[in-house]
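Only one structure is covered here, and it is reproduced in the block below.
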Number of protein chains: 2
Amino acid sequence: MQHTDFRLEKVNCSACPIRHRAVCARADDNELEKLNAIKFYRSFKAGETIVWAGEEVDFVASVVGGVATLSQTMEDGRRQMVGLLLGSDFIGRPNRETVAYDVTAISDVTLCCFRRKPFQELLSDTPHISQRLLEMTLDELDAAREWMLILGRKTAREKIASFLSIIARRETGSDTVDTGSNVAFDLPLTREAMADYLGLTLETVSRQMSSLKRDDVIVLEGKRRVVIPDFNALLEETGDDADGGVLV
Amino acid sequence: MQHTDFRLEKVNCSACPIRHRAVCARADDNELEKLNAIKFYRSFKAGETIVWAGEEVDFVASVVGGVATLSQTMEDGRRQMVGLLLGSDFIGRPNRETVAYDVTAISDVTLCCFRRKPFQELLSDTPHISQRLLEMTLDELDAAREWMLILGRKTAREKIASFLSIIARRETGSDTVDTGSNVAFDLPLTREAMADYLGLTLETVSRQMSSLKRDDVIVLEGKRRVVIPDFNALLEETGDDADGGVLV
DNA sequence: CACGCACCTTGACGCAGATCAAGCCAGAAA
DNA sequence: TTTCTGGCTTGATCTGCGTCAAGGTGCGTG
């Protein structure tokens, strides 16, 4: 029974719509087996808080579908997003049972969770996985540092342009967006969430979106769908060096 | 000869003024031996650039003494610091031979360097070390996220207060500064570097320092030495939750 | 259908912090 | 001693973005 259970789950895991970057992507059969044994799924409705800052959680997880955010809130209500979790991103960390930020479901979210205790044991046993986790964490650190430049030094217009180019890259999945060609995607965030991402107010976000639209840098179809007729033109607006879509 | 060499170096490593958080802190004799075999020292003068963004480097390193920064510069000269490296901090990363940011010596700096190739091999062989590196990276990520809140949502005054409390904690080495008691330390950064840290101009930094001084939150002895008569009063100014000196 | 609600847009106005400009201070060099 | 230089301070003015306020839009529900 345990055996069939595992078989079933294994198929299940490979079938996750997006393969989990963190743990499944390069795992071999043996590791997959162990992962499947400690795995379960949880779903959250849009707007629901997945974990509150300071809360204890007994699992780590990988985002299977939907969008979630990490954010910090000050006493007087000022809020700053510090992490944006899309498909296959990782939540939680080994060797720390409390979470430091509010984790919120922005759309309906499905998580593939791993029970913390056994996951940590797996980590110690399988250097492979802990090295993979290190790589991921370094990538996140890079993203955080790019974000810091945006927050600290860019104008509102540059912030919006940078945000759009980041989302375009992540949503379309291609690191090197064909510059010059049409790119289209749905914004995974409301204007307010964008504001929390960029350290702006939602009014300023709205104004700058309108302004970029007026200047034909973007085309809006409805409020959420964005078409970028010329990706290079967008990159011009970000204030970054012009040498292509390099993240770091 | 190799043997004596190693003996010598081993003593040397333990004797590093500050024990390297990254690699030596918890290493056993066997690991120390391997580390010592691939180790060398380099020094830089204040103001010197250690590595330029995009440059290839064949070593990773631990800061033994002095202060260095990671920073990004935009075409038009706007600069944002994204990392502050004090004693025992780690520079560089496994599996990436180019560096993404300018690394600059702010004071005279001594690095304890490890040749990249053998260091990476050591990482694969010793899960211990790669796990330690993961822990460190997660700490850095936390710091980056705290920093993002500062950059995105805090006022100039709050930024300065937050900066001072961070430096106080790092310079005095105590995670839990005795709130209420006197704390004194030397600023490791110029006003300009503080501005680059906080996403401000140097004039605003100067004005806010003066303002905090006028309000008796801090005492300045010369331009660099800061005395904080009441640490709680400083924490009040940061805008953070009042429950003590928690970093995350 | 209309009603409500969540989300978005746009306008008017004020202020925190940037910018421009002048001068101060302390240590080093002559 | 004076002079120079790099870092710091302070003042006056300007401006980008926040704040407050008033609608607009579109979807789900009775």
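Every chain is numbered from 1, with letters handed out A, B, ... down the list of sequences.
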Distance-only side-chain donor-acceptor flag, A:S210 / A:R214, under 3.5 Å: no
Stepwise salt bridge (Lys or Arg N to Asp or Glu O under 4.0 Å) test for B:K154 and B:D240: CA-CA 10 Å; B:K154 292 196 177 180; B:D240 293 331; 2.8 Å; yes
Test item: side-chain donor near acceptor, B:R157 and B:S211, under 3.5 Å: yes
Spacing of A:I106 atom CD1 relative to C:dA6 atom C1', expressed in whole Å: 14 Å
Minimum side-chain heavy-atom gap B:L149-A:R78 below 4.5 Å: no
Over all atoms of both residues, closest heavy-atom pair of B:C112 and B:V64: CB-CG2, 3.6 Å
Whole-Å gap separating P (D:dT10) and CG (B:L212): 13 Å
Might you list the N or O atoms of the protein lying below 3.5 Å from N or O atoms in nucleotides 7-9 of chain D, with each pair's distance?
from: D:dC8; atom 1: OP1; to: B:R224; atom 2: NE; distance (Å): 3.4
from: D:dC8; atom 1: OP2; to: B:R191; atom 2: N; distance (Å): 3.0
from: D:dT9; atom 1: OP1; to: B:R191; atom 2: NH2; distance (Å): 3.4
from: D:dT9; atom 1: OP2; to: B:R191; atom 2: NE; distance (Å): 2.8
from: D:dT9; atom 1: OP2; to: B:S206; atom 2: OG; distance (Å): 2.8
from: D:dT9; atom 1: O5'; to: B:S206; atom 2: OG; distance (Å): 3.2

Strand contacts (DNA chain C) in residues 147-163 of chain A, 4.0 angstrom heavy-atom criterion: none
N or O in side chain of A:T201 less than 4.0 angstrom from D:dG18 OP1/OP2: yes
Integer-rounded Å distance: D:dT19 C1' and A:L200 CG: 14 Å
Return all side-chain donor-acceptor pairs below 3.5 angstrom for residues 186-206 of chain A, not counting sequence neighbours, or 'none' if the list is empty.
from: A:D186; atom 1: OD1; to: A:R225; atom 2: NH1; distance (Å): 3.2
from: A:D186; atom 1: OD2; to: A:R225; atom 2: NH1; distance (Å): 3.4
from: A:T190; atom 1: OG1; to: A:E192; atom 2: N; distance (Å): 3.4
from: A:T190; atom 1: OG1; to: A:A193; atom 2: N; distance (Å): 3.0
from: A:R191; atom 1: NH1; to: A:K223; atom 2: O; distance (Å): 3.4
from: A:R191; atom 1: NH2; to: A:K223; atom 2: O; distance (Å): 3.0
from: A:D196; atom 1: OD1; to: B:R153; atom 2: NH2; distance (Å): 3.2
from: A:D196; atom 1: OD2; to: A:R79; atom 2: NH1; distance (Å): 3.1
from: A:T201; atom 1: OG1; to: A:T204; atom 2: N; distance (Å): 3.3
from: A:T201; atom 1: OG1; to: A:T204; atom 2: OG1; distance (Å): 3.0

Rounded distance (Å) that lies between atom C1' of D:dG16 and atom CG of A:L198: 16 Å
Touch class at under 4.0 angstrom, heavy-atom based, for B:G199 against every strand present: sugar-phosphate
Closest non-hydrogen atom pair between A:T98 and A:E56, with its separation: CG2-CG, 3.7 Å
Minimal non-hydrogen separation, A:L151 against B:M148, with atom names: CD1-O, 3.5 Å
